[in-house]
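Structure, as structure tokens:
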Amino acid sequence: MPEGTDILNALVLMTNFVFVPALAYGSQLALGALGVTLVFGILRFANFAHGDLMAFGTTIAILFTWALQAQGISFGVLPTALLALIPAIVVTAIVAIFIDKAVFTFYRRQKAAPVVFVIASVGVMFMLSAIVRFIMGTEDRRFTDGERFVVRALDFKKWSGLDEGLAIQTTQAITVVVTLIVVIALFWFLNRTRTGKAMRAYSDNEDLALLSGINPDRIVMITWIIAAALATIAGTLYGLDKSFKPFTYLQLLLPIFASAIVGGIGQPVGAVVGGFVIAFSEVMLTYAYKKFATYLVPENLEPSGLLQFLGTDYKFAISFIILVLVLLVRPTGIFKGKVL
Amino acid sequence: MTDTSLNSGPEKTEAEKTSAPVPTAIVQKRQSPWRAPFVFALMAAALVAVGMGQSWSVALAILNMSLVSALMAMGLNLQWGYAGLFNAGVMAFTALGGLAAVVVSHEPVWDALHAGGRGLALSAVIVVAIIATAAFISTQMKGRLRSFAIFVVVVVGYLVLRPVFGGAVDAVESVDPARTGFIGGLGLPIMASWLVGGIFAAAVAWLIGKVALGLRSDYLAIATLGISEIVIAVLKNEDWLARGVKNVTGLSRPVPYEVDLQQAPWFVDLVTRFNANSLQAIADQADRDAFLRQLLIEASSAFVKIAYAGLFTVVLLIILALCVRALNSPWGRMMRAIRDNEEAAAAMGKDIKARHLQIFVLGSAIIGIAGAMMTTLDGQFTPGTYNPLRFTFLVWVMVIVGGSGNNLGAVIGGFLIWFIWVEAEPAGRYIVELLSANMDPDSPLYRHLQDIAAPFRLFVMGLVLLIVLRFSPRGLLPEKVRHS
């Protein structure tokens, strides 16, 4: 039988390498998926440009961060980028509305098929990714500052007396907290306010909503503002947590779509749940459980292999294997039924 | 599309089945019969201009990749233009074609096969056994129990497979990992891989189609995009198959090597005869030899490129002829009927699902052929370079800009978009030079501007796509509607 400390060690190990990273990554995916799902629910197309909208929002946030740092303004122990988020959201929302006016409004008037919107969003994706590279170049950038850790591995070891350390980075903690706040605010907005209800009505039945005097242009505009805000927050949190590189945001689009669809596209709750489902599957299936197992089994039974289901290189592929399985088994996702 | 059921799920809804992907129902203005020849002549003129302005080497390189791109666009056009299937997985089929080039043409690595061949074969047997058992269960059981039984079979099978396969892979990859570390290929002429590339792509397309073709259009796009990422992930990480990101270089060629050409008497003779006048003008023997050597180097490189262009043109013309014939036949009429109105076509007794699968497989096969040709042209297989912007969405731009539903449109789209893709970078650099002409070369802004040239092509592509989609949604050479 493993001793009590061994079990604790194993739990701390899992928390450190699986639970905390997956929670942070899942929060980022959830925010991204919320944006995709909102655009899908209201505008009725899968927005391929969302990943690059995230990259764009992050770019603006980084520019404001630099400006603030140049002024000598910082946010204490927290990263300055959190302060920069607010002006960045404003700029990104304006750009999103401009894109809608310049590109998507035309097809909405025409009542074009959803596929035409998707192709147009591919065009927007190309242009946004070019603009991001114009501004930031293509190399990796780190823009986090302030205190790096909430809990340090060494301090934790000293405090608990265990062999395993637990480290929680500030960015991870911030990601989870900010996501919690944003999701609560969004759900409050959608369920309690007049505009939010109007959005849900519009998503549910466009004709009926128009008949009740809901202004579609206003709904569309607010959708883009929220989508841009979510994209900026998600992109900046991801950039803070990992680093900023334009190409990774295109890659991020895939797990985000997977999250939205797995949860049930058009369903905000689904987007959040889907984000965590995808993140935890990715992390848990690519984690090597060898050390975890050595704590729990008697010494003579120690496993020889790494106890890893799939190589870490298949991280992105996992989200899509899940997506394909969900599409096959339950095409409407986890939460089906009414939209928004 | 005001239908409310649009957001109810990924299955196609009644209203969508009747929607055509391109607004073909719009009554069309009469098209000049000279439009296509005119557009092609302009394209040729642009290539000649590059040849004279930049260099013939660049022009020939553009021509070769344009021919390959045209083939890719034709494959996608078959799926999108004729059947309305949103395939966002072009990249996967291109890469599978590239894999075929390695598998067919590379010499077998006998040491690796001795080390791990048996394990790999055993793994294949286990995989087949898992699939067969799962298939058997799915015919024998029903409901929850069936799902559970299949799940158990897959998990148990995986646990059995993992050590066998892992051991074989380790054995193969440890054989001279710096040079080989993979099982090699069949050692056949690389031209055979063009056909095999088509077959590989078709086989995978059949699987994907079985899984994904029932989805509504944007779900199909996301699903195929995801599957293509999975294919690339497998190619990148399964080193035993084609060395993964370590790349396979030095693939054999269907055309002679430059070095051999420069030694071949007939080629030297040909070049000498072509340049007899300018050679004779040089009095000194040593100078003349040096000049001849220079000429030979240029001519051999051009000869190789022209030889590729010839081969590619033959393939393109054969497939173009087949496509044109197929799409003017009753079969093509049926495909368009299905695209424009699935309900009516189904009412006439057409099997929509089977036809969609058929055309998805055919289009993917063409893309696979093009992928194999591209790897042949490059002489190397580099899984790390496949990214969706370049290999999926760029081909989409080609089809949309060229004119979906028109084979010649797809060809001109492939030529034009590849031309712009290549030439946008020098154009971007030129613009940057204009902008930064009077700047201090040490200033950060100047250095920053120098980086702008590369992403400029992405910007141009997006702009071209949006402009064409908005103002000429049916493309340069629109689909001919015979009966409106």
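Chain letters run A, B, ... following the sequence lines, proteins first, then strands; residues in each count from 1.
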Self-check item: Nearest heavy atoms of A/Ala130 and B/Leu458, plus distance in Å
Solution: CB-CB, 3.7 Å
Quiz item: Less than 4.5 Å apart, any side-chain heavy atom of A/Ile119 and any of B/Trp80?
Solution: yes
Quiz item: Non-hydrogen atoms of chain B under 4.5 Å away: do they reach the side chain of A/Leu254, the backbone, both or neither?
Solution: side chain
Quiz item: Distance from A/Phe106 atom CZ to B/Phe471 atom CZ, nearest 0.5 Å?
Solution: 7.5 Å
Self-check item: Minimal non-hydrogen separation, A/Phe126 against B/Val397, with atom names
Solution: CE1-CG2, 4.0 Å
Quiz prompt | Which portion of B/Pro388 sits near chain A, non-hydrogen atoms under 4.5 angstrom | solution = side chain
Quiz item: Can you name the closest pair of heavy atoms from A/Tyr314 and B/Val234 and give their distance?
Solution: OH-CA, 3.5 Å
Quiz item: Which is it for B/Leu389 and A/Met125 under the side chain to side chain contact (heavy atoms under 4.5 Å, CB included) test, yes or no, and what are the steps along the way?
Solution: CA-CA 9 Å; B/Leu389 273 185; A/Met125 176 180 85; 3.5 Å; yes
Quiz item: Would you call the rings of B/Phe459 and A/Phe134 parallel, tilted or perpendicular, where under 30° means parallel and over 60° means perpendicular?
Solution: tilted
Quiz item: Considering only heavy atoms, which portion of B/Ile400 lies under 4.5 Å from any heavy atom of chain A: side chain, backbone, both, or neither?
Solution: side chain
Quiz item: Of the non-hydrogen atoms in A/Ala46 and B/Ile222, which two are nearest, and what is the gap between them?
Solution: CB-CD1, 3.9 Å
Self-check item: B/Leu469 versus A/Val116, closest heavy-atom pair with distance
Solution: CD2-O, 3.9 Å
Quiz item: Side chain, backbone, both or neither: which part of A/Ala102 has a heavy atom under 4.5 Å from chain B?
Solution: backbone
Self-check item: Proximity breakdown for B/Arg162 and chain A, heavy-atom pairs closer than 4.5 Å
Solution: side chain
Self-check item: Contact winner vs chain A - B/Tyr158, B/Phe456, B/Phe393, B/Phe86, heavy-atom pairs under 4.5 Å
Solution: B/Phe393
Practice problem: Identify the two heavy atoms, one from A/Ala120 and one from B/Leu466, that lie closest to each other, and give their separation to 0.1 Å. | Solution: O-CD2, 3.5 Å
